[in-house]
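Written out below as structure tokens is the structure these notes cover.
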Amino acid sequence: MNLAGKTAIITGAARGIGAAIAERFAREKANLVLADIDEGAVESIAKRLGAVGIASDISSEEGAQEVVDRAIERFGSLEILVNNAGITRDALVLRMKAESFDDVLRVNLRGPFLMSRAAAKHMIKARYGKIINMSSVVGSMGNAGQANYAASKAGLVGLTMSLAKELGGRGVRVNAIAPGFIATEMTERLPKEAIETFLNKVLLGGLPGRPEDVAELALFLASANSDYITGAVIPVDGGMLIA
Ligand SMILES: NC(=O)c1ccc[n+]([C@@H]2O[C@H](COP(=O)([O-])OP(=O)(O)OC[C@H]3O[C@@H](n4cnc5c(N)ncnc54)[C@H](O)[C@@H]3O)[C@@H](O)[C@H]2O)c1
């Protein structure tokens, strides 16, 4: 699953799942472009991995375009895009501010749309590309307190399948990963009872997943080993979805 000579953009790469994907791709010798809104953290991981680090808000048109332009300027091609950046603004619907709904949809859904549109132009020309969208089991199951987040992650599945249909004939594969409960800063912030409810559904001993578990699937989807797979949504959830 060597990625030597391939250029990969990973958004939200400063920590958690994005950072684990960056580390895994670095071991496979990819040319890495790491984007995150957290400037200090993205610079530090980029330095450590010998990658290009960009402080950018991928939910803005300029921010998304800048990341793709920098990748092309630095490496001359773009084969892999991992749309991983995501946020939560949890509240029950009756108490949810419209702003919290909009913020989550903007980063989790508009961001991947903007990044994919900018990246696909180059991939189509090369007649090869891999786009990987980080959805969630919550997109298929819903979750009390996360209506905005669940809607964004379900929307990402629709975006994934539509892009797969538009781009498949040009050699661009588009797939989604649906993680379950992965131990990161994002899940650390959840209330204790919510964590327990999630973990009770994990068929594999009630244990949380690790960011590295998600990174292994991201690597497979980024590599030539998965060239016949497109439009798929693949869970990494210890069986939570079917529990
Ligand atoms: N942790 C889980 O259990 C879990 C489960 C399912 C799906 N996911 C998804 O996986 C992805 C990564 O999750 P995580 O747990 O590592 O989260 P995290 O909060 O640890 O990291 C997310 C990163 O995205 C960055 N980011 C946020 N907004 C951004 C923006 N506008 N532009 C650029 N970067 C931005 C943050 O600065 C942060 O570094 C997210 O899309 C999340 O929804 C996580």
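Reckoned from all heavy atoms, side chains included, excluding hydrogens, waters and symmetry mates. Counting starts at 1 for both ligands and their atoms, following the listed order.
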Considering only heavy atoms of Gly16, which atoms of ligand 1 have at least one such atom less than 4.0 Å away?
16 (O)
For Thr187, the atoms of ligand 1 under 4.0 Å from one of its heavy atoms are 1 (N), 2 (C), 3 (O)
State, yes or no, whether a side-chain contact exists between Leu49 and Phe25 at a heavy-atom distance under 4.5 Å.
no
In plain terms, say whether Lys6 and Glu28 are close enough for a salt bridge, that is, a side-chain N and a carboxylate O under 4.0 Å apart.
no
Candidate with minimal heavy-atom separation from atom 5 (C) of ligand 1, of Gly180, Ala178, Ala14:
Gly180
Side chain, backbone, both or neither: which part of Pro211 comes within less than 4.0 Å of ligand 1 when only heavy atoms are counted?
neither
Short N or O distance, Ile182 and ligand 1, threshold 3.5 Å exclusive
yes
Heavy-atom contacts with Ser135 under 4.0 Å: which atoms of ligand 1 show up? List them by number with element.
6 (C), 7 (C)
Quick check on side-chain contact (heavy atoms from CB on, under 4.5 Å): which of Thr7, Ile10, Leu221, Leu3 does Ile80 satisfy it with?
Leu3
Interfacing atoms of ligand 1 (cut-off 4.0 Å, heavy-atom, Ile87)
27 (C), 28 (N)
So for Ser56, does at least one of its heavy atoms come nearer than 4.0 angstrom to any atom of ligand 1?
yes
Indicate, with yes or no, if Val137 and Leu204 share a hydrophobic cluster defined by side-chain heavy-atom contacts under 4.5 Å among Ile, Leu, Val, Met, Phe, Trp and Tyr.
yes
Quick one: which ligand 1 atoms are inside 4.0 Å of a heavy atom on Asp57?
30 (C), 31 (N), 32 (N)
Would you say the side chain of Ile72 lies within less than 4.5 Å of the side chain of Asp69, judging by non-hydrogen atoms?
no
Salt bridge between Lys201 and Asp237, side-chain N to carboxylate O under 4.0 Å?
no
Is Asn84 touching ligand 1 with its side chain, its backbone, both, or neither, if touching means heavy atoms under 4.0 Å apart?
both
Identify the heavy atoms of Lys153 and Ser136 that sit nearest to each other, and give their distance.
CG-CB, 3.8 Å
Would you mind running through ligand 1 and noting each atom that sits below 4.0 Å from a heavy atom of Gly12?
23 (C), 24 (O), 25 (C)
Charged N-O contact under 4.0 Å between Asp227 and Lys130
yes
Polar atom proximity, Ala35 to ligand 1 (N or O, under 3.5 Å):
no
If you apply the rule side-chain hydrogen bond (donor to acceptor under 3.5 Å, both in side chains), what do you find for Asn175 with Thr160, and how did you get there?
CA-CA 6 Å; Asn175 295 291; Thr160 299; over 6 Å; no
Does ligand 1 have an atom under 4.0 Å from some heavy atom of Lys153?
yes
Beyond-backbone contact of Phe113 with Asn133, side-chain heavy atoms, under 4.5 angstrom
no
Pair Arg24 + Glu212: basic N to acidic O under 4.0 Å:
no
Please state whether Ala13 comes within less than 4.0 angstrom of ligand 1, counting heavy atoms only.
no
Which atoms of ligand 1 are found less than 4.0 Å from any heavy atom of Phe181?
3 (O)
Counting heavy atoms under 4.0 Å, the part of Val107 that contacts ligand 1 is side chain
As a check for students: among Leu34, Asp36, Asp38, identify the option with a heavy atom nearest to atom 37 (O) of ligand 1.
Asp36
